[in-house]
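Let me begin by presenting the structure, written as structure tokens, before commenting on it.
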Amino acid sequence: MFNSHYYRQCPAEHYPYTVQPGDTLNIIAFRLESSVTRILAANPGLDPNNLQIGQVICIPSCPPNHVSRIIERGDTLYQIAQEYGVTVASILEANPGVDPNSLRVGQRLCIPQIGGAPDVTGLRETITAMQSDINMLKADSSVQKTHESNYGNSTQTTRVSPREIRFEIVPVTFAGAYRGHFTASRRYPYYVDASMGGRRTINVKDNFGVWHSFNYKEQTPRS
């Protein structure tokens, strides 16, 4: 029999946090950029005066009608506002205490959604239909079948933001509009082809199982 304090299935837009020695709700809220009120609301029955080491609690990522955004290298509030189609003022209002001139890599922001929560009616059916069409196209594509055969078992992964793809073992990033094909912060399998005349090809599989190829020129070592 397991103790429910040490096993939690957190709801959507929440993530689990394991209580550490010395933790209080105030410390947890400050460290995770949340609030005591929101943490208590996400954990009915939680006794703030009797936290147990190893206890798992659910931390709300963002309030309703907001999405979570992790700060990455080079981000500014203006760029993020443009990316989501909102104003800098609305982001600051949703994130009290954030210094727009001192953003930290890894910091979590809550971005308000225009018009509230999106209408997802029929969205699942649309995605299923899209995936079915893509699978048929992949089955007719010799390039996709070859890539899957050659690289499908790759264990190398990369991180993606809406503006760029960064690879773990390759000193290069690719800029572009990747929203829809890739999900920010999710990791994707990729494979790097051998050098051919000073050029390499990186093959990456996206959300729909489609392989994409990116070419770049190797840097010549300086003597």
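Residue indices begin at 1 and follow the sequence shown.
Nearest approach of L46 to L51, heavy atoms of both residues: CD1-CD2, 3.8 Å. Considering all non-hydrogen atoms of both residues, A42 and C58 come closest at CB-O, 3.8 Å. The two residues K138 and G209 have their closest heavy-atom pair at NZ-O, 3.1 Å. Scanning all heavy atoms of the two residues, the minimum distance from V88 to A81 falls at N-CB, 3.8 Å.
Between the side chains of S90 and T87, at least one donor N or O sits under 3.5 Å from an acceptor N or O. Counted by atom type alone, H147 and S213 present one or more donor-acceptor pairs between their side chains at under 3.5 Å.
Side-chain contact between I27 and T24: present, with at least one pair of heavy atoms (C-beta onward) separated by less than 4.5 Å. Side chains of H212 and D206 form a contact here, defined as non-hydrogen atoms less than 4.5 Å apart. Y17 places none of its side-chain heavy atoms less than 4.5 Å from the side chain of V56.
No donor-acceptor distance shorter than 3.5 angstrom exists from the side chain of N43 to the backbone of I57, with no hydrogens or angles considered. No donor-acceptor pair closer than 3.5 Å links the side chain of N95 to the backbone N or O of L109. Within the 3.5 Å criterion, the main-chain N or O of T18 finds no donor-acceptor partner in the side chain of Q55.
A continuous path of ILVMFWY side-chain contacts below 4.5 Å connects I59 to V36, so both sit in one hydrophobic cluster.
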task = List the steps and the verdict of side chain to side chain contact (heavy atoms under 4.5 Å, CB included) for V19 and Q52.
result = CA-CA 7 Å; V19 175; Q52 304 294 315; over 6 Å; no
query = Would Q144 and V210 count as a side chain to side chain contact (heavy atoms under 4.5 Å, CB included) if you check the C-alpha gap in whole Å, the side-chain angles of each, and the deciding distance to 0.1 Å?
reply = CA-CA 7 Å; Q144 289 295 317; V210 177; 3.6 Å; yes
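Within 6.0 Å of atom CD in Q20, more than 12 heavy atoms from other residues, nucleotides or ligands are found, so the atom counts as buried in its surroundings.
For the atom pair L103 CG and E72 CD, the distance stands at 12.0 Å (nearest 0.5 Å). Distance check, rounded to the nearest 0.5 Å: CG of N203 to CG of N215 gives 8.5 Å.
A salt bridge links K205 with E148: at least one charged nitrogen is closer than 4.0 Å to a carboxylate oxygen.
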